[in-house]
Engineer: 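My questions all concern the structure below.
The chains referred to below are lettered A, B, ... by the order of the sequence lines, with proteins before strands, and numbering in each begins at 1.
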Amino acid sequence: KAGVTQTPRYLIKTRGQQVTLSCSPISGHRSVSWYQQTPGQGLQFLFEYFSETQRNKGNFPGRFSGRQFSNSRSEMNVSTLELGDSALYLCASSLSATEDYEQYFGPGTRLTVT
Amino acid sequence: LAKTTQPISMDSYEGQEVNITCSHNNIATNDYITWYQQFPSQGPRFIIQGYKTKVTNEVASLFIPADRKSSTLSLPRVSLSDTAVYYCLASSNTGKLIFGQGTTLQVKP
């Protein structure tokens, strides 16, 4: 069974631009979560989608948004990029949006903002 | 405000048992506590998950006291390949998922 895939793996953008990251969950998984990982802040939860609906959201500004499609694939968008948005963005999928958070992570997208 | 706290780093030797404790206050009463392992340039990998008391699988054990204010990941007989960062994950009582800051485990020969 294929794992979680994320595209692109690496991305370089300049301040003020916007970016869209993509995540394809494991087949059959309906829940997709997004995380930001930085050396200073560690792993921080962005949001979770289940059946095309945002179920949960972390403490990030409105510049960070996401969506989920009917095939469970998810995209994350960051508008008006700032230098501090440079991070590894991780996507994780799980079977269902329950308290059983056995999530499977993708390899991440490394975003560098210059 | 819910928060999870772990030691920043730990050292061990091959063949020893390693216990990593995570403190988590104000977590949701009905959510699981999960531990992940992360190697450089990879996403976190699920290790074990529990709700209370003790859970054991083929790679680790997880101990959670009745008050659920902490959890301890136990790795039996570690090897060099267990050198990684270990994270605990809990859900706050407001539904937010909170990772600990990670414990870097260094296993020495």
Side-chain angles (χ1 to χ4, degrees), chain A residues 1-7 9-10 21 23-26 29 31-50 53-60 64 66 76 87-110, chain B residues 1-9 20 22 24 26-52 55 57-60 62 64 68 71 73 84-104:
Chain A
K1 184 185 264 190
V4 177
T5 57
Q6 293 187 245
T7 56
R9 292 292 311 277
Y10 303 91
L21 311 181
C23 171
S24 292
I26 291 172
H29 284 193
S31 172
V32 173
S33 298
W34 288 89
Y35 297 86
Q36 181 195 66
Q37 186 172 32
T38 60
Q41 299 296 320
L43 275 158
Q44 292 186 285
F45 171 69
L46 280 155
F47 28 66
E48 177 195 4
Y49 287 87
F50 178 76
T53 301
Q54 188 179 86
R55 177 176 178 261
N56 212 342
K57 189 176 188 303
N59 298 321
F60 278 81
F64 292 82
M76 190 192 99
L88 179 68
Y89 289 89
L90 291 159
C91 161
S93 75
S94 59
L95 273 172
S96 62
T98 68
E99 62 272 16
D100 180 3
Y101 288 112
E102 184 171 347
Q103 300 177 84
Y104 296 83
F105 282 81
T109 294
R110 174 75 61 185
Chain B
L1 186 66
K3 185 178 178 181
T4 54
T5 304
Q6 307 174 231
I8 296 297
S9 63
I20 306 174
C22 177
H24 29 73
N26 296 323
I27 64 168
T29 56
N30 59 348
D31 277 8
Y32 285 81
I33 295 158
T34 312
W35 283 79
Y36 291 86
Q37 175 192 57
Q38 188 176 27
F39 296 110
S41 302
Q42 294 184 24
R45 185 173 70 99
F46 173 88
I47 301 174
I48 197 167
Q49 181 179 71
Y51 177 68
K52 66 167 86 173
V55 178
N57 62 19
E58 63 276 9
V59 299
L62 179 60
I64 304 171
R68 289 170 35 89
S71 60
L73 172 71
V85 182
Y86 292 82
Y87 293 94
C88 63
L89 171 66
S91 177
S92 75
N93 51 17
T94 58
K96 300 290 186 279
L97 294 172
I98 302 171
F99 271 97
Q101 69 269 48
T103 298
T104 299

Engineer: Is there a side-chain contact between A:Phe64 and A:Lys57 in this structure, where contact means two heavy atoms from C-beta onward sitting under 4.5 Å apart?
Structural biologist: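 No; the side chains remain at least 4.5 Å from each other.
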Engineer: Can you tell me which portion of A:Leu43 sits under 4.5 Å from chain B's heavy atoms? Options are side chain, backbone, both or neither.
Structural biologist: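 Both backbone and side chain.
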Engineer: Determine whether A:Gln6 and A:Leu21 make a side-chain contact, defined as any pair of heavy atoms from C-beta on separated by less than 4.5 Å.
Structural biologist: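 No. Closest side-chain heavy atoms not under 4.5 Å.
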Engineer: Would you say A:Arg9's side chain and A:Gly108's backbone share a donor-acceptor pair under 3.5 angstrom?
Structural biologist: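 A pair under 3.5 Å: yes.
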Engineer: Tell me, side chain or backbone of A:Tyr104 under 4.5 Å from chain B's heavy atoms, or both, or neither?
Structural biologist: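 Neither the backbone nor the side chain of A:Tyr104 comes within 4.5 Å of chain B.
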Engineer: Side chain, backbone, both or neither: which part of B:Tyr87 has an atom under 4.5 Å from a heavy atom of chain A?
Structural biologist: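 Interface part for B:Tyr87: side chain.
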Engineer: So, for A:Cys23 and A:Val32, which heavy atoms are closest and what is the spacing to 0.1 Å?
Structural biologist: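 Result for this residue pair: SG-CG1, 4.1 Å.
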Engineer: Heavy-atom cut-off 4.5 Å, strictly under: side chain, backbone, both or neither for A:Gln37 against chain B?
Structural biologist: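 Contact with chain B is through the side chain of A:Gln37 alone.
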